[in-house]
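Following: one structure in structure tokens, then a few remarks.
Reminder, nothing fancy here: chain letters follow the sequence lines and each chain counts from 1.
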Number of protein chains: 2
Amino acid sequence: MPEGSTTGSVSRAGRPNDVRPPLDPVDRAILAELERDARIPNNALAERVGIAPSTCLTRVRALRERGVIRGFHADVDPAATGRPLQAMVSVRLQAAARRRMREFEEFVTSLPEVRDCFFLAGVDDYLLHVATADSAALRDFVVALNGREQIANTQTSLIFDHVRPRRGY
Amino acid sequence: MPEGSTTGSVSRAGRPNDVRPPLDPVDRAILAELERDARIPNNALAERVGIAPSTCLTRVRALRERGVIRGFHADVDPAATGRPLQAMVSVRLQAAARRRMREFEEFVTSLPEVRDCFFLAGVDDYLLHVATADSAALRDFVVALNGREQIANTQTSLIFDHVRPRRGY
DNA sequence: GGTGAAACGATTAGCAA
DNA sequence: TTGCTAATCGTTTCACC
């Protein structure tokens, strides 16, 4: 890979080891399409964004390798798998327990009820997005959380609805 | 939870048009795999869950048609697309504005900063998961929200980290 | 629910801009 | 360096067991 003279004319003389070229409009179109439907065939994706299939494949692979695309996931309806009740549980740790936050994170992410764990800067330390079978299961979950001496208090809000906007890039 | 025929005690074949048979262990294995990697080839998926490829394809299609799988989405790193700063913004509406919640939802889901919008039962009405370029952009977003007369108040917490546990079914 | 052949899409190598 | 074309390879589909 020749680094010497050829790149000099265009390169923004900043980081010689820059492996993160900016996303061009085609990359952004690819991201928008794959976020909408991660299983669109490469042919169809290429046509939608206006490039050849092989080029499209190369770009998608590059986006994965650069970490722009972190993965592809199925969106499974929690209600269909026996967890129709969702809630947000904010958690405040005991001041002394903040030295063992890793331990807490490993604990909560091992619980089957927890869908997401956000580590926050604010009055609360964590926000947990949980899904349970019913209100009794949710109560059991919260009671179990509060039973750990690391935890100062929790506050639970039921989720009536969850909208995930279509994102454009 | 293979307990032989004991499920009959709760879910009876009462509805002749029941198009939602319970998920069997193979279905659950398929869901777990597709949630982990939505782009796994059908062959590999079939082998992992121990059925023939054609059967696997039929099951995946059925799971989609039944709404158990709601879609497949790429997970795009917000930082790589110019939005490295994430926050949770809780929103309380004016009492009078609760009759026009649809309007509010359509507004916030049209904003490019908003990744998720949760409609809550609790002290706050909404929780917004947002991603912005920097703290100035976040401030502008919150100021713009508070500028709408529907909104009573907001509270913003920065997100330091977000862990998405691997879910098993 | 499984099998095999035909149809389709994905991938690679080599070429053109 | 990037994108295109064409041949190979693997995957999906469908009729049938």
Just to verify, which of B/Arg70, B/Arg166, B/Arg167 counts as forming a salt bridge (Lys or Arg N to Asp or Glu O under 4.0 Å) with B/Glu35? B/Arg167
Value in whole Å for how far the [atom2] atom of [N] lies from [atom1] of [X]:
X: A/Asn42; N: C/dA10; atom1: CG; atom2: P; result: 5 Å
X: A/Asp24; N: D/dT1; atom1: CG; atom2: P; result: 16 Å
X: A/Glu47; N: C/dA10; atom1: CD; atom2: P; result: 12 Å
X: A/Ile51; N: C/dA10; atom1: CD1; atom2: P; result: 13 Å
X: A/Ile40; N: C/dG9; atom1: CD1; atom2: C1'; result: 13 Å
X: B/Leu57; N: C/dT3; atom1: CG; atom2: P; result: 15 Å
X: A/Asn43; N: D/dG10; atom1: CG; atom2: P; result: 18 Å
X: A/Leu63; N: D/dT2; atom1: CG; atom2: P; result: 13 Å

Say whether A/Val91 and A/Phe119 are linked into one hydrophobic cluster, either directly or through other cluster members, by side-chain heavy-atom distances under 4.5 angstrom. yes
Please determine if A/Arg148 forms a cation-pi arrangement with A/Phe107, meaning its NZ or CZ atom is less than 6.0 Å from the six-membered ring centre and no more than 45° off the ring axis. yes
Under 4.0 Å between a side-chain N or O of [X] and OP1 or OP2 of [N]?
X: B/Arg61; N: D/dT12; result: no
X: A/Ser54; N: D/dC4; result: no
X: A/Arg59; N: D/dT2; result: no

Counting the atoms with a prime plus P, OP1 and OP2 as sugar-phosphate, which does B/Arg39 contact under 4.0 Å by heavy atoms, base, sugar-phosphate, or nothing? nothing
Main chain of B/Arg115, side chain of B/His129: is a donor-acceptor contact present, judged purely on distance under 3.5 Å? no
B/Ala52 side chain, from C-beta outward: closest of D/dG3, C/dT3, C/dA10: C/dT3
